[in-house]
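What follows is a structure written as structure tokens; I'll ask about it next.
Not measured: the values here are computed from a predicted model. For reference, positions follow the sequence shown, starting with 1. Atoms within a ligand are numbered from 1 in the order they appear, just like the ligands themselves.
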Amino acid sequence: MTGERILLSGNEAIARGALESGVKVAAAYPGTPSTEILENLSAVKGLHAEWAPNEKVALETGMGASFGGARALVVMKHVGVNVAANPLFTLSYTGLRGGLVLVTADDPEMHSSQNEQDNRNYAKFAKVPMLEPSNSQEAKEFTRIAFELSEKFDTPVMLRTTTRVSHSKSIVSLKEPVEPSVHPALVKDPVKFVMLPANARKRHPIVEKRMEEMARFAETFPENRIEWGDRKVGVITSGIAYEYAREIMPEASFLKLGMVHPLPKAMIKTFASQVEKLFVVEELDPFIEEQVRAMGIAVKGKEVFPICGELTPALVERGLKGVSPPPPEETSLSLPPRPPIMCPGCPHRGIFSILNKLKLFVTGDIGCYTLGFLPPLSAIDTCVCMGASIGHAMGLDRALGEEGLGKVVAVIGDSTFLHSGITGLLNVVYNKGAVTLIILDNRTTAMTGRQDHPGTGFTLQGAETFQVDLVKLAKALGVKRVKVVDPYKLAPTERVIKREIQRPEPSVIISRAPCVLSRREKAVLGKAFFINPEVCKGCRACLRLGCPAIVWVGEDGMDAHGKKRKGRASIEKFLCNGCTICAQVCKFGAIGEANGQ
Ligand SMILES: Cc1ncc(C[n+]2csc(CCOP(=O)(O)OP(=O)(O)O)c2C)c(N)n1
């Protein structure tokens with residue numbers, strides 16, 4: 001196995017690096033682009049890999065393991081660090097026993113995120129070192145190095161990836177997985193681990209000293225290296241930006257930083273003094289650039305490279321050379337635009353068609369159901385971060401009072417409710433809010449690839465476990481009105497929603513039906529439906545469901561009753577899952593089971 005070379009994504013490589021480091025505990029909450037790291041550790045014997053209900057809990061679990069002496073890997077997407085920031089900032093003070101590596105998978109360009117924050121700032125803010133790999137080989141090696149540094153300097157170490165590194169595949173040389181070196185044990189050390197003010201005051205100077213030591217270490221850290229070339233242009237860079245810049249200007253001199261916090265300032269000075277023109281090429285914030293400028297060094301950075309979005313080789317070329325490369329040759333293939341859309345048969349669709357019909361103000365949350373924002377459903381009015389829907393509805397209730405009654409509803413997915421919605425609902429009950437919350441319980445974390453969570457009754461490994469009962473949970477929080485609806489039955493669901501939003505008290509509607517891609521259960525027929533072209537009047541009511549299986553066939557002509565129509569709807573039978581929703585909204589009875597058509 002040692003020396004074997006295989007193609008791995010950055011995420012697979014980090015998982016492998018954890019194995020080659022003797023990791024004992026791995027905890028995460030899913031989130032693109034980080035999710036595959038835990039999935040790749042799920043079946044490893046002797047390693048406890050688990051989904052936590054949220055990132056804060058994941059980090060706290062990793063901390064407990066580390067305090068016991070085990071090596072722990074904690075994984076999340078960039079916004080997950082916002083959730084985990086509370087323990088992180090004080091973990092920086094306590095330090096640890098077993099090495100702890102926190103992977104932050106950043107998503108410049110927001111391929112699948114609500115913002116594109118640059119989490120290098122967290123390393124500086126929380127005073128912890130951060131490594132940033134450029135490719136899969138480094139992703140694996142830096143994971144191992146991160147564990148070693150974590151134990152050597154008694155600090156959590158952050159490993160930052162970006163989507164291109166997380167998801168691109170490149171060649172990795174393997175080493176043997178190792179057994180965890182430390183035998184976990186309970187060691188009492190309250191002065192280090194109990195952060196009440198008297199102890200925390202003692203720890204803060206230790207953190208500052210540690211960062212000074214890390215900064216000295218950074219000067220000789222082999223992964224911070226100068227690659228001399230032509231000294232007319234020098235480029236300071238890290239991560240994927242290094243790969244782009246090297247490709248564009250292979251002849252230039254490079255200071256490639258494997259550690260982006262703290263920076264090797266003497267090395268930077270030496271490098272800067274020996275090149276004619278100095279660039280910092282980095283994605284998102286001028287994180288390195290500002291620190292270089294603060295050292296009194298003239299450098300070109302964000303005035304020539306964008307601060308928003310991902311870098312590309314073309315953008316790097318424009319910044320470094322001052323000229324844009326010619327646009328890539330047009331291909332003869334022009335692909336039709338494909339906006340993200342709920343699957344055919346998705347249980348969320350019925351709910352959003354009702355919310356659209358009722359013209360409610362919908363405070364939304366994050367998940368597949370956020371697609372309810374898009375036309376033609378157009379039924380989400382706010383979406384900011386996980387769990388926020390409930391607070392938004394509560395704030396509107398506080399602001400509008402009786403005037404808002406019957407006009408607002410909050411929607412949240414089951415995974416998101418368990419991640420960070422419970423306390424919001426508790427607040428509604430505690431402060432007597434007139435908020436109606438619809439929990440879209442599709443029994444999975446669909447958006448990130450159908451991961452299990454405490455509401456599914458299964459662990460990361462697929463083993464059966466306790467399944468939290470959302471009805472009992474809502475009641476235990478003090479909600480008196482808890483109703484369960486079947487989102488495939490439009491009329492009764494609409495009646496419940498209409499009634500509950502009028503109630504001047506907290507109310508929860510659980511819309512229960514498994515994700516149409518569920519591996520375990522099915523709530524839809526699976527059989528394709530058919531629109532009778534003779535009966536269809538071309539009214540487009542079914543098209544307003546935004547189902548990808550329903551298409552418009554334009555034709556100027558007559559229906560069976562001799563009425564003029566501009567076209568008719570038709571179902572692509574290979575896409576249809578037979579959820580029946582379109583048949584329910586068709587006033588003319590034109591839609592039914594296909595029966596071999
Ligand atoms: C703090 C944070 N962690 C993770 C994510 C990634 N993420 C977005 S929504 C979501 C959960 C979606 O599951 P659910 O609420 O059940 O809705 P579904 O997609 O199943 O409809 C996740 C993990 C995120 N946006 N923010």
Side-chain angles (χ1 to χ4, degrees), residues 27-39 51-59 74-86 88 102-107 110-117 119 122 163 166 340-343 345-352 364-373 377 380 383-390 410-422 424-425 437-456 458 460 467-468 470 487 510-521 523:
Y29 182 72
T32 310
S34 72
T35 312
E36 301 82 12
I37 299 174
L38 252 262
E39 288 174 336
W51 292 131
N54 67 29
E55 293 84 354
K56 177 177 184 286
V57 176
L59 180 55
V74 181
V75 181
M76 55 200 64
K77 71 179 286 164
H78 62 299
V79 280
V81 182
N82 302 338
V83 178
N86 203 3
L88 173 64
L102 169 57
V103 179
T104 167
D106 293 10
D107 186 18
M110 298 171 273
H111 294 284
S112 196
S113 305
Q114 68 266 36
N115 73 11
E116 56 180 350
Q117 69 194 41
N119 274 9
Y122 264 117
T163 306
S166 312
I341 197 159
M342 286 175 199
C343 300
C346 173
H348 301 330
R349 178 171 284 106
I351 294 287
F352 285 99
D365 227 296
I366 309 194
C368 281
Y369 50 95
T370 316
L371 296 171
F373 156 77
L377 294 167
I380 294 251
C383 171
V384 172
C385 68
M386 288 185 76
S389 56
I390 306 173
V411 294
I412 194 166
D414 49 343
S415 187
T416 303
F417 177 67
L418 296 171
H419 175 280
S420 47
I422 299 171
L425 185 57
L437 170 68
I438 303 178
I439 302 178
L440 300 158
D441 180 13
N442 62 355
R443 300 226 193 81
T444 191
T445 317
M447 190 187 208
T448 43
R450 295 168 296 149
Q451 290 75 27
D452 280 299
H453 62 65
T456 68
F458 294 90
L460 167 63
Q467 178 180 17
V468 67
L470 294 180
I510 298 171
S511 166
R512 184 170 286 163
C515 170
V516 78
L517 298 176
S518 168
R519 284 167 282 232
R520 298 198 186 97
E521 17 176 11

> Which atom names give the shortest non-hydrogen contact between Ile412 and Gly421, and what distance separates them?
Replying inline: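 Of all heavy-atom pairs spanning Ile412 and Gly421, the closest is CD1-CA, 4.0 Å.
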
>> Regarding atom 22 (C) of ligand 1: of the candidates Asn54, Asp107, Thr448, which has the closest heavy atom?
In response: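 Considering heavy atoms of Asn54, Asp107, Thr448, the nearest to atom 22 (C) of ligand 1 sits in Thr448.
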
> Is a salt bridge present between Asp414 and Arg512, judged by a nitrogen-to-oxygen distance below 4.0 Å?
Replying inline: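 No.
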
>> Out of all atoms in ligand 1, which are within 4.0 Å of some heavy atom of Lys77? Include the element for each.
In response: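 Heavy-atom distances to Lys77 below 4.0 Å select 4 (C), 5 (C), 6 (C), 24 (C).
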
> How does Gln451 reach ligand 1, if at all, at less than 4.0 Å between non-hydrogen atoms: by side chain, backbone, both, or neither?
Replying inline: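 For Gln451, no heavy atom sits under 4.0 Å from ligand 1.
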
>> Need the ligand 1 atom indices (1-based, order shown) with element for anything under 4.0 Å from a heavy-atom of Cys368.
In response: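 Contacts of ligand 1 toward Cys368, numbered from 1: 18 (P), 19 (O), 21 (O).
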
> Can you tell which part of Val79 has a heavy atom less than 4.0 Å from ligand 1: side chain, backbone, both or neither?
Replying inline: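 Within the 4.0 Å criterion, Val79 contacts ligand 1 through backbone and side-chain atoms alike.
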
> When you check the side-chain N and O atoms of Ser518 and Glu521, is any donor under 3.5 Å from an acceptor?
Replying inline: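 The answer is no; no qualifying pair exists.
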
>> Could you check whether Glu116 and His78, counting side-chain N and O atoms only, form a donor-acceptor pair closer than 3.5 Å?
In response: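 No - no donor-acceptor pair under 3.5 Å links their side chains.
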
>> Test of understanding: given a 4.0 Å heavy-atom threshold, classify the contact between Met386 and ligand 1 as side chain, backbone, both, or neither.
In response: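 The part of Met386 near ligand 1 is the side chain, not the backbone.
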
> Which part of Met76 is near ligand 1, with near meaning a heavy atom under 4.0 Å away: side chain, backbone, both or neither?
Replying inline: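 For Met76, there is no contact with ligand 1 at all, from either part.
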
> Any side-chain donor-acceptor pair under 3.5 Å between Gln117 and Asn82?
Replying inline: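 A pair is found: one side chain offers a donor N or O, the other an acceptor, under 3.5 Å apart.
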
>> Give me the residue, atom name and distance of the protein heavy atom closest to atom 16 (O) of ligand 1.
In response: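 For atom 16 (O) of ligand 1, the nearest protein heavy atom comes out as Asp414 OD1, 2.7 Å.
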
>> Closer than 4.0 Å to some heavy atom of Val83 - which atoms of ligand 1 meet that?
In response: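 This gives 1 (C) as the contact atoms.
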
> Looking only at N/O atoms, are Tyr29 and ligand 1 under 3.5 Å apart anywhere?
Replying inline: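 Among all N and O atoms of Tyr29, none is under 3.5 Å from an N or O of ligand 1.
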
>> Are any of the N/O atoms on His453, whether in the backbone or the side chain, positioned under 3.5 angstrom from an N/O atom of ligand 1?
In response: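 No, no N or O pair falls under 3.5 Å.
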
>> Please verify the inter-ring angle class for His419 with Tyr29; under 30° counts as parallel, over 60° as perpendicular, anything in between as tilted.
In response: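 Plane angle between 30° and 60°, so tilted.
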
